[in-house]
Each structure stands twice: as C-alpha cells, then as structure tokens.
Number of protein chains: 2
Amino acid sequence: MNNKKRILPAKKATLKDVAKHAGVSTATVSYVLNDSGSVGKTVRDNVLKSVRTLKYKPNRSAQAMRTGRTKTIGLILPDLRNPFFPELAQAIENAAREAGYAVLLIDTQGSNETEKEGIQMLSQYGVEGAIWCPASEQDSFKNFADIIPCVVVDRPMKNYDNVHSDYVMGGQMLAREILKASHTKIGLISGPQDIASARMRREGLLTELTGRAEIIWETAVPYAVGLTPETLSLINKNKVSVIVAGNDLIAIGAIRALNDIGISVPDQVSVTGFDDMPWSTLVSPTLTTIRQPLTGLGQEAVKLLKRRMNEPEAERTVIILDVDIRIRESLSWIT
Amino acid sequence: MNNKKRILPAKKATLKDVAKHAGVSTATVSYVLNDSGSVGKTVRDNVLKSVRTLKYKPNRSAQAMRTGRTKTIGLILPDLRNPFFPELAQAIENAAREAGYAVLLIDTQGSNETEKEGIQMLSQYGVEGAIWCPASEQDSFKNFADIIPCVVVDRPMKNYDNVHSDYVMGGQMLAREILKASHTKIGLISGPQDIASARMRREGLLTELTGRAEIIWETAVPYAVGLTPETLSLINKNKVSVIVAGNDLIAIGAIRALNDIGISVPDQVSVTGFDDMPWSTLVSPTLTTIRQPLTGLGQEAVKLLKRRMNEPEAERTVIILDVDIRIRESLSWIT
DNA sequence: CAAATTGACTTAAACGTTTAAGTAAGATAC
DNA sequence: GTATCTTACTTAAACGTTTAAGTCAATTTG
C-alpha cells in the first residue's frame, strides 16, 4: 500500500556552503550570525539572504566542540509517574527552552545506581548544568555539584543550591484553617519522618496548633494509600474531629478507612491532605490540601541554575516558595 | 555559614592526554576504545589503564562532529500533565538509555507553533531520531519524517511509523464485559469524534454490541470531567443501566452527575471508563476501565525508531498493542 | 630466499564551528 | 602629506574525535 518512497533527509547546509553562496569567508558568516566582529550592511544582508535560501541552521555539535558550550542542561528525576514531577518537568523544560537550553531527561526509577550512571552520562554529553531531584536524601553522589553546576529541587540538600516549597508554611496554613473551623481534637498521620519535607510539614502544623488544639493521636506512614495496622486502629478509635494526613494519598487512605467503619467524611470527621495532586478534585469528597507552586519551582530552578552556571563560585543559594491552601469539601466546620 | 569554596569542575581528560599518558598515538587509543583497528594486548592494557587513571570519558560533542552521530533522540509530547504521558516518557527514556541514547525532552503544551519550533530545535541539536506524540491529528509539520527519522506514538498518523494501543479491542472488551454483566440498555458518552482513537473506541464497542444490547442514547464530549448540558440531560433521563464513557475523566463526570440526581453508582447505574488513569483506583467507586500498555508502547516506540534509524528507506510500520480490561467497582452485574 | 602478506602501530586529514591574528583600503589626525 | 586609526573583511588555527592511508618489522608463502 504505502510504498511512497521516503525522501532521505537532505544533508544540511553548512557554514561553508553559506559562505560560498554569499561569496564571503566563513568567518564573515559566523560574525554575522553572532553579531560579533564587524560587517558592512550590504554583506550582512547578502549573508542573511543566503542563510535563508539555504535554510542554514548551525550545527550544535560543532558549536559545542569549538566553544565548549552545549546549550543543554540535564534533568534528573526519580519517577515521572509520581504526579508531583510531570508539572515540574514541564515547567523546567519550558523555562529552559525559553532560555535557549535543551533538556536531557533522565528518569532513574528511584535507583541510586541509575542516578550515578545518569550523572555520568550527562557529564559525558557535556550538559552545562543540571536540575536534580535526588531519589533519596543522602547524597548518593559525593558531590555532584563538583562535576556539573547543579540545583536540587523539592528536597532540601546540603552543599547544593536548593529550590523547594515552604513545607512549614503549608503545615501552618492547614493548622490555621483547622482552628478556624473550630476543630480541637486532631489525629495526625504524618509522612515518613526520615524525609525532611515530611518533618517540616509536621513541624509547621504543631507549632501553630500547640495550646489551641489537642493532638489526640499521632502516627507516621509511608506516602501511600494503604495504611499501617496501627494507623487503622487509631482511626477506628475515632476520638477526633479531623485527621491531618501527610499527603493526599494518605488522606485518601484515611477517608477509605473511615468510610469502611461507617464514618462519613466530612460530616462526622474531616480529613486534610497535602500536595494537591491532580486528582484531588476528582475524589469524593474533594480534598482540602496544600498546593505546591510546581511551575514556580521549575522556573526558579532554571533561573537559579543559570545564575550558578554564570558564577560557579557563588555562595550556595536556597529558594523557598510559598504554598497555597486549597479549601475543598473534605474539611468541614464544626458548628 | 556555608562558604566552603566550590571546587571548579576540573577540565576533563582528552584523548590526547590519554595517548600521551600511555605513550601511544591518539589513533591507537581510539582503536582500543572502539574495538576497531588492531592493537596488541600489552598496548591495549596500558591504554585501558591510562583511561582509568585519567578517568577519561569521550567527549560526545566531538564524537558527534566527527561521526555525525549524536547518540541522542528527541521526545516531543503535548503535555506531560496529561497522566497518559509520564509513564510513556519514562519507558521511552529508560529504553533509549538502555540502547545508548540520551533523550531530549520537549513539552509543547499543546501548541502547534511550539511543536514546529521544537522539531527545528531537535534537528539543530542533531538528534538521530524522534518519538512524537502530535498535539493534533493533522500533521502540523508537512512531513517531519523527511527531516528526522520519526515514530508517532498514541495517535494513528499517516506517513509515519506508528505505535499505539488497540483502541478497537478496548471497546470490544468493554462491550463483552458489559454483556456478560447482563446490561442491555446503554448510554454512550464518547470522546471527541474528530480524534481517531475516540472513534476507534466507539467503533469497537458498537461492533461488539449490535444486536445484543441497545444504545438508548449517545453523545460526544471533550475529554474532561465537566459534561455538556445535553449530556447531563441525557443522563437525567436515566433510562440506561450502564453508561460507557470515552475515558476516565468523562466517567468521573458521569458518576458525579448521577450522584447529583441521587442515583448511586454502581448500585443503580454502572459506569465504565477508558485509560486506567493512575487515580482510577482512588475514586469511589473505583473505575472499571481499559488499561493501555504504556510501558510497552514506549519500549516498542524506541525499538521501532532504532529500526527506522538503521534503515531509513524501510516501509512504514504500524505497531498496535493489546490492551487490558481492569474490572473494578463501577461496573456491577444485573441479577 | 625474495616476495607477499599480516600485524601493530603512527600520521594526518577531516567533521563544522569560532576567533585571534592578519591585511588592505579608506578615513582621520597633525 | 605622512602617520595613525577604523572599518571590513580574510586566513588559518583550534576544539576532540575518527579513520583512511602510510610505515615498518615480523611472518608466511611458493
């Protein structure tokens, strides 16, 4: 059927071709293209015309070779399937492209081993910098930033430039909203306490809550829907009017557990989440939760990386962005 | 506080350095590294030792310049936030890396304009091939594949190598399951009928259903939770025992609409989705839906692209992968 | 035993840019 | 009117690889 002969990619025009076509030297063409050197108006126009008619596009590999600059950055993520990352990656790619950089993507699937390989790979491809969300909190690479300018996103990490959300603030905002809704008896299901961001969420909540409401019980679980048996039994005791969950997945788990024992959310017990995952408006009840400025994080990461690439010797910088609260059905007022 | 002086990235060892260190010519080193030419065992070992001690890694830009091969492919997606893409992107990146290729990511945010720019950009960076999920069905680029070897994923598209799911089969599987559950009165909310995959879903459903069950009403809506007024009024008529939705978002919309008028899902009316988005087990009721082999699609796309890059003149190939049905709560049996 | 082949290496050109250095002509200075 | 400075170019080297072609000794061949 479809045997229309494919046209082989015509080999691309080179600087030399343009020079010949315009009757000048390659240097002149280069000067025109880079606005350097000095070229007369007529010659410049001729060159530009030749560039257009030959559809000349500079060969990045050659430029990279000569200048040492690849106009490329790396992006290392643990797992794109985690709904946190797609929006971040999108923002980073867009901001980078805007700034004239292409993005080499590496998804490590959470493996520290792959992370190291990935970093090596990026270095070999000559990326000028990298944005990295480490798979775990300890620096699997001794100091990546010694090899390539690098900013770490989402996780606070020593010795690196950092961009992340204000998790403490998120905890505080939840606390305030909970108090405003007149809740006084609280159950707390934190995320893993060996993760800094989970600790900070908890810390923010507690500092704002102490003296004004009572933590009836507390537990910590992995970021997942399935809760631990202890947690379930705590939920079953049901002495609280609101359950604060470490993130949206945990919140869903809590809602399910409550429903399973015939307790309605939010009529009898409220639940709050954290992260505002894309589906948190799709579940029932919709989740009251904290929204991280994912796009902002990405943009700031790129900005910071550009700075770092320009001044490799600069002081370490940490950028912390404000979060938002999204008030939805799962948190109700006590009347 | 942290004013530990950053160590500037030591400039990398070059082939010449290795050659000098090993006391041979650069050609010999290159031959050793590429297993070409002929080199004696002792010399080879010496060279390898020098490579190790100098931590030499070949400079990809230079290799690219000399050989014309960048060992890089492009990945052009319309929108990473669409939950369909992260898993696909992950699979593609992993498979590509496995095959020795780095992946340049471009997220066009659905803009045809950006898509064109992106393709130009990839061509400039010298990618050896690209995997493309077009933002719209008409080829915004006349024929991308004339510029770069290219395979189109997810959407059937003429003149390109294709990899996508068997949407017809998905429709059929749903139909069979619905019949098995003894439903005979069906409401159909298709996705946009100008999209081939939506048409195919519908087609598969109908071919399998005709004569065995009745389509009481039918409508088509965009892939979103918010349904059109006509659709809502059709739902309100409630003459059906099951509503087949064009994808999971539409299914959620239908469930909400039903709940709003006091109809319980799946007790009174069943609902099916399509796509098995990551949250389809998180909603209540959990969705009966069709799972696309996202990882498989990515892997096949990379495989196919490798083939295409090796034989640019080969016939167009279309690969269609089987889908799975995920039977969950939202579809109930009529007893 | 001379001729031809093989094996192990080196030399040097090439890939497509950028850019320092050179050149020649015209303008400006004194 | 010569000397100096600009302007507008060109020449050629360099970036780090790969690879065709060359060299030379050791081995095989008839």
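Chain letters run A, B, ... following the sequence lines, proteins first, then strands; residues in each count from 1.
In this structure, Q63(B) places its CD atom 13 Å from C1' of dT19(D), rounding to the nearest Å. Atom NZ in K20(A) sits about 15 Å away from atom P in dT10(D), given to the nearest Å. Between the CG atom of L15(B) and the P atom of dA14(C) there is a distance of 19 Å, given to the nearest Å. Per the geometry, CE belonging to M65(B) stands 13 Å off P belonging to dA14(C), to the nearest Å. In this entry the distance linking CG of D17(A) with P of dG16(C) reads 8 Å, nearest Å.
Near DNA chain C, meaning a heavy atom under 4.0 Å from it, residues 34-54 of chain B has S38(B), V39(B), G40(B), V43(B) in order of number.
Phosphate contact (OP1/OP2 of dT18(D), side-chain N/O of S30(B), threshold under 4.0 Å): present. Between S61(A) and the phosphate of dC15(C), there is no side-chain N or O to OP1/OP2 separation shorter than 4.0 Å. Contact annotation: T28(B) does not reach the phosphate of dC9(C) (side-chain N/O to OP1 or OP2, under 4.0 Å).
In terms of position along DNA chain C, the nucleotide closest to A27(B) lies nearer the 5' end than the nucleotide closest to the other residue of the pair A27(B) and K57(A).
Listed nucleotides: dT17(C), dT17(D), dT10(C). Nearest to the side chain of Y56(A): dT17(C). Candidate nucleotides dG16(C), dT10(C), dA13(C) were compared by shortest atom distance to the side chain of R66(B), and dA13(C) ranks first. Residue V24(B) places its side chain closer to dT10(C) than to any other of dG16(D), dG16(C), dT10(C). The side chain of Y31(A) sits closest to dA20(C) out of dG16(C), dA20(C), dT10(C).
Distance alone, capped at 3.5 Å, places no donor-acceptor pair between the Y101(A) side chain and the E128(A) backbone. Checking side-chain atoms of D79(B) against main-chain N and O of G110(B) turns up no donor-acceptor pair under 3.5 Å. Side-chain atoms of Q299(A) never come within 3.5 Å of backbone atoms of A95(A) as a donor-acceptor pair (strictly under, hydrogens ignored).
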